[in-house]
Structure formats: C-alpha cells, structure tokens
Engineer: 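What follows is a structure written as structure tokens; I'll ask about it next.
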There are 2 protein chains.
Amino acid sequence: MAKIRSKKNSSKKDVIIEKASKLFREKGFGAASMRDLAEHVGVEAASLYNHIQSKSEILQAICFKVANDFLSHLEAVQSAPESALKKMELIIRFHIRMMMDQYEYVYISDHEWRHLPEPYLSNFLNQRRNYRRSLSDLIARGIDRGEMKNIEPYVAVLTLLSAISGIESWHRSRKIIPPDVLEDNMVKYLIEGLKK
Amino acid sequence: MAKIRSKKNSSKKDVIIEKASKLFREKGFGAASMRDLAEHVGVEAASLYNHIQSKSEILQAICFKVANDFLSHLEAVQSAPESALKKMELIIRFHIRMMMDQYEYVYISDHEWRHLPEPYLSNFLNQRRNYRRSLSDLIARGIDRGEMKNIEPYVAVLTLLSAISGIESWHRSRKIIPPDVLEDNMVKYLIEGLKK
DNA sequence: AGATAAAACGAACACTCGTTAGTAAAATTC
DNA sequence: GAATTTTACTAACGAGTGTTCGTTTTATCT
C-alpha cells in the first residue's frame with residue numbers, strides 16, 4: 001500500500017512533473033523528449049511509464065494545477081468585503097507572486113496549453129474564458145461605482161494579464177531588479193491606469 | 001534572369017513564408033512539419049527546397065523582419081521633435097498596429113524565437129535587448145523632465161511590451177471589440193499609468 | 001525466509017521528422 | 001524549335017518520436 005517517497009512528501013510522479021516543468025519551459029513541450037526527461041530524472045525513458053500514463057498527462061497536470069490555483073484565489077477574493085479596486089490589486093499581486101514563485105508552472109500553462117489533447121484543451125479554454133469574464137465583471141462594477149476610469153473592461157483584463165505574464169522576461173535580470181521592487185512598480189503602473 | 005511571380009510582386013519564397021507564418025502560429029514552429037507546409041502551399045515537401053534552404057531559414061526571415069520593422073520605427077521616432085511621453089505613445093500605437101496588421105509575423109517573433117539556431121539566436125536576443133534598453137532610456141528621460149511618474153523604467157517597458165503582445169488573445173473576439181476601440185483603450189490604460 | 005508488488009531495464013515497434021538524390025516536367029532564353 | 005534553366009516529383013535516408021513488451025532487479029509485506 002505504501003508508496004515510495006523520493007524526498008519528503010513528494011511521490012516519484014511529482015518529481016517527474018517537476019523536472020518536466022523545467023524542461024518544457026526551456027525547450028517547449030514539443031521539443032522536449034521523453035528521453036530528455038528520463039535523463040533528468042535519472043532513469044530510462046520506459047521507466048517513466050510506471051508512474052505516468054503519457055507525456056500529455058504531465059502537461060495536463062501542470063496546466064490544470066495552475067488554472068485551479070488562480071480560480072481558487074479569485075473565488076476567495078470575490079467574497080471578501082473590499083472595494084473593486086482593492087480586489088483587483090489583490091488579484092494582480094497574486095498573479096505576480098505566482099509568476100515569481102511558480103515560474104515554470106505558470107509559464108507552461110500560459111504558453112504550452114495549445115498542446116493539450118481534447119477534451120482537455122476545450123476544458124482549459126473554457127476555464128480561462130470564465131476566469132477572464134469574472135475579472136471583466138469585477139472591473140465593470142468598479143467603473144459603475146466610480147472607483148475606476150471608464151475603460152473597456154475586457155481590454156483592461158487583457159492588458160493586465162498579459163502585462164503580468166511578461167515577467168518571464170524579467171526572470172533573467174532578477175539581480176538588477178529585486179522581486180518586491182518589481183511587484184510594487186507593476187502594481188503602481190497597472191493600478192494607476194485603472195484609477196479614476 | 002526573370003523569376004516567376006506567383007501573384008503580383010511576391011516570389012514563391014514569399015508565398016512559402018506567408019503560409020508558414022500562419023502554420024507556425026497555429027501549431028508552433030516545432031509541431032508544424034514541412035509536409036504540412038507543403039500541403040498548404042500546394043506542392044510536395046521536397047519541392048519547397050528549391051526556394052528555401054531550410055525550415056529554420058523561414059523562422060529567421062520572419063523574426064528578423066519584425067525586429068527590423070520595430071527598430072526602424074524606433075529610430076524614426078527618436079529623432080522626432082516630440083516630448084518623451086508623446087514618443088512613447090507613438091511607439092505604443094505602432095506596436096498595437098503591428099500586432100493587428102501583421103499578427104502572425106509578430107506573434108511568431110514573440111513566441112518562437114527560441115527555435116532560432118545559433119548564431120541567429122544570439123543576434124536576435126541582442127537586438128531585442130538593445131531595443132528594450134532604448135525604450136528604458138526614453139522613459140528615464142521622461143521621468144527626468146517631469147513628464148512621467150517615478151516608475152522603474154525597465155519594469156515599465158516590460159509591462160508595456162507584454163501588455164501589447166497580449167492582443168493575441170483579443171484576435172478571436174475582434175467582432176465584439178473593434179480594432180480602434182481596442183487601440184484607444186489600451187493607449188488610455190498604458191499611457192495613463194505613465195503620466196505624472 | 002519466501003511471496004508479492006513496484007520499478008527499472010534493453011529492445012523494439014510504428015511513425016514522423018527535415019532533408020537529399022536523381023529524374024521528369026515545365027518555363028524561359030536564344 | 002532547340003537548349004538551358006527552373007521547378008516539381010518520387011523515393012529514400014538517417015535520426016528521433018512516444019510508447020509497449022517481456023523480463024529482470026529492487027523494495028515491501030507476511
């Protein structure tokens with residue numbers, strides 16, 4: 001019954017997914033081979049299939065973990081007693097933090113979801129669409145209440161989200177600009193553009 | 001001496017690159033095969049090699065065309081007699097326009113440059129780094145002259161550029177939000193976040 | 001300890017990949 | 001119209017793909 005734990009509480013499957021996330025980000029899902037991955041795990045390619053079912057199962061695990069993290073946080077924020085503007089700031093900060101703490105995972109979820117097989121692809125896109133719609137609604141409410149300037153909500157959401165996902169470029173120059181400086185500056189920029 | 005022109009002034013090589021840009025965007029460079037491309041061009045895969053030298057030559061052509069377009073425009077703006085803020089607005093608008101008019105090309109240049117072979121990869125990254133540094137300098141000057149709020153210039157550049165590159169998500173909902181509305185709203189958002 | 005389950009292995013399968021060689025068809029030049 | 005160049009074709013190569021098979025090694029449980 002008991003499973004092998006390679007280190008602490010992580011199963012070998014978790015190790016595989018973690019190594020894969022680094023590899024998928026570096027080379028892209030398509031260009032990263034199972035033999036590549038196996039070498040990083042320290043095992044032969046065939047042995048991987050004792051722990052996973054397919055290459056794309058790894059991608060699914062990564063993409064949906066990220067999607068669920070964002071969705072959970074959104075729901076928590078939505079039911080909080082804050083202004084729409086403050087809620088947006090919380091969400092923006094969460095996105096930035098996720099981008100910094102779970103860089104590989106978020107990056108892959110952002111860039112490699114195309115390679116998801118059906119029906120997971122449609123599922124993923126549906127979830128993303130709903131998430132964005134919720135953010136749009138939040139901004140629309142902020143405008144109605146006079147907290148935000150009269151901007152097209154969906155455009156604002158698009159601008160916001162892609163601005164944040166661009167932190168990937170920063171990841172290599174993190175010595176020059178420390179994380180908290182980056183976060184505060186981005187929030188300043190992005191929230192200021194929303195304020196009335 | 002005279003070459004065949006498939007349509008108007010475009011050589012067959014141009015046709016191949018154009019079809020490839022659509023394919024590379026849809027499937028990604030790695031997942032798009034030469035046989036795929038050949039089918040879209042209406043020819044056998046081997047025949048492509050009468051017009052191009054390799055698959056990655058196509059990628060090079062696309063990436064460097066886009067990079068040069070942006071660089072040319074930047075140099076033109078730099079020598080114009082405008083305020084730093086106005087210059088930034090011109091650049092932002094140009095980026096948005098490029099994203100709308102040359103969607104496939106810009107998208108590929110943004111997302112598939114990783115697959116460039118050396119030494120083109122290093123070349124490309126150098127060019128991009130210089131471009132971003134120029135934008136940073138422009139913003140720094142805007143801050144010095146009191147036109148912009150005191151924000152970390154490099155963070156602002158990162159935020160700006162990636163916000164714009166996110167228009168890709170909008171491309172499918174262009175019926176709901178017309179191009180000029182998108183452009184004006186994005187400019188409003190992004191410039192407002194810069195203003196003092 | 002022996003029995004049982006889990007994990008690793010080498011080899012192979014059935015493909016697909018970018019690309020090349022050799023040749024036939026088509027277009028251009030003279 | 002013949003000669004020449006350009007383009008497209010079929011066939012194939014060698015390498016790499018994700019994955020499966022049958023077996024052996026390793027770990028866990030009684």
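Remember, it's a predicted structure, so these values are computed and weren't measured experimentally. So that the names make sense, note that chain A is the first sequence line, chain B the second, and so on, each numbered from 1.
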Engineer: Could you list by number each residue of residues 31-50 of chain B showing a heavy-atom separation from DNA chain D of less than 4.0 Å, or answer none if no residue does?
Structural biologist: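 Within this stretch, B/R35, B/V43, B/E44, B/A46, B/S47, B/N50 sit under 4.0 Å of the strand.
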
Engineer: Mind checking whether A/F24 and A/F29 have parallel, tilted or perpendicular rings, split at 30° and 60°?
Structural biologist: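 Judged by the thresholds at 30° and 60°, the geometry between A/F24 and A/F29 is perpendicular.
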
Engineer: I'd like to know if A/K13 and A/E57 make a salt bridge, using a cut-off of under 4.0 Å between side-chain N and carboxylate O.
Structural biologist: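 Yes, A/K13 and A/E57 are salt-bridged.
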
Engineer: Looking at A/R93 and A/E89, does any basic side-chain N land under 4.0 Å from a carboxylate oxygen?
Structural biologist: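 Yes, charged N to carboxylate O under 4.0 Å.
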
Engineer: Round to a whole Å and report the spacing from CD1 of A/I16 to C1' of C/dA8.
Structural biologist: 12 Å

Engineer: Would you say C/dA8 has OP1 or OP2 under 4.0 Å from some side-chain N or O of A/K12?
Structural biologist: yes

Engineer: Starting from P on C/dA6, measure out to NZ on A/K13 and report it in whole angstrom.
Structural biologist: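 Going from A/K13 (NZ) to C/dA6 (P), I get 15 Å.
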
Engineer: Rounded off to whole Å, could you give me the CD1-to-C1' distance for the B/I58 and C/dG18 pair?
Structural biologist: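 From B/I58 CD1 to C/dG18 C1': 11 Å.
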
Engineer: From CZ of B/F24 over to P of C/dC17, roughly how many Å is that when rounded to an integer?
Structural biologist: 13 Å

Engineer: Any side-chain to backbone donor/acceptor pair from B/K87 onto B/G142? Under 3.5 Å, distance only.
Structural biologist: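 No, the answer is negative, given that no donor and acceptor are paired below the 3.5 Å cut-off.
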
Engineer: C/dG18 P sits how many Å from B/H115 NE2, rounded?
Structural biologist: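 Distance, rounded to whole Å: 12 Å.
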
Engineer: OP1 or OP2 of D/dT6 less than 4.0 angstrom from a side-chain nitrogen or oxygen of B/H51, does that happen here?
Structural biologist: no

Engineer: Please list all pairs meeting salt bridge (Lys or Arg N to Asp or Glu O under 4.0 Å) that have one or both residues in residues 127-144 of chain B, counting only residues at least two apart or in different chains.
Structural biologist: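 Sorted pair list comes back empty.
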
Engineer: Ring centroid separation for A/H95 and A/F70, is it under 6.0 angstrom?
Structural biologist: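 Judged by ring-centre distance (under 6.0 Å), A/H95 and A/F70 do meet the cut-off.
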
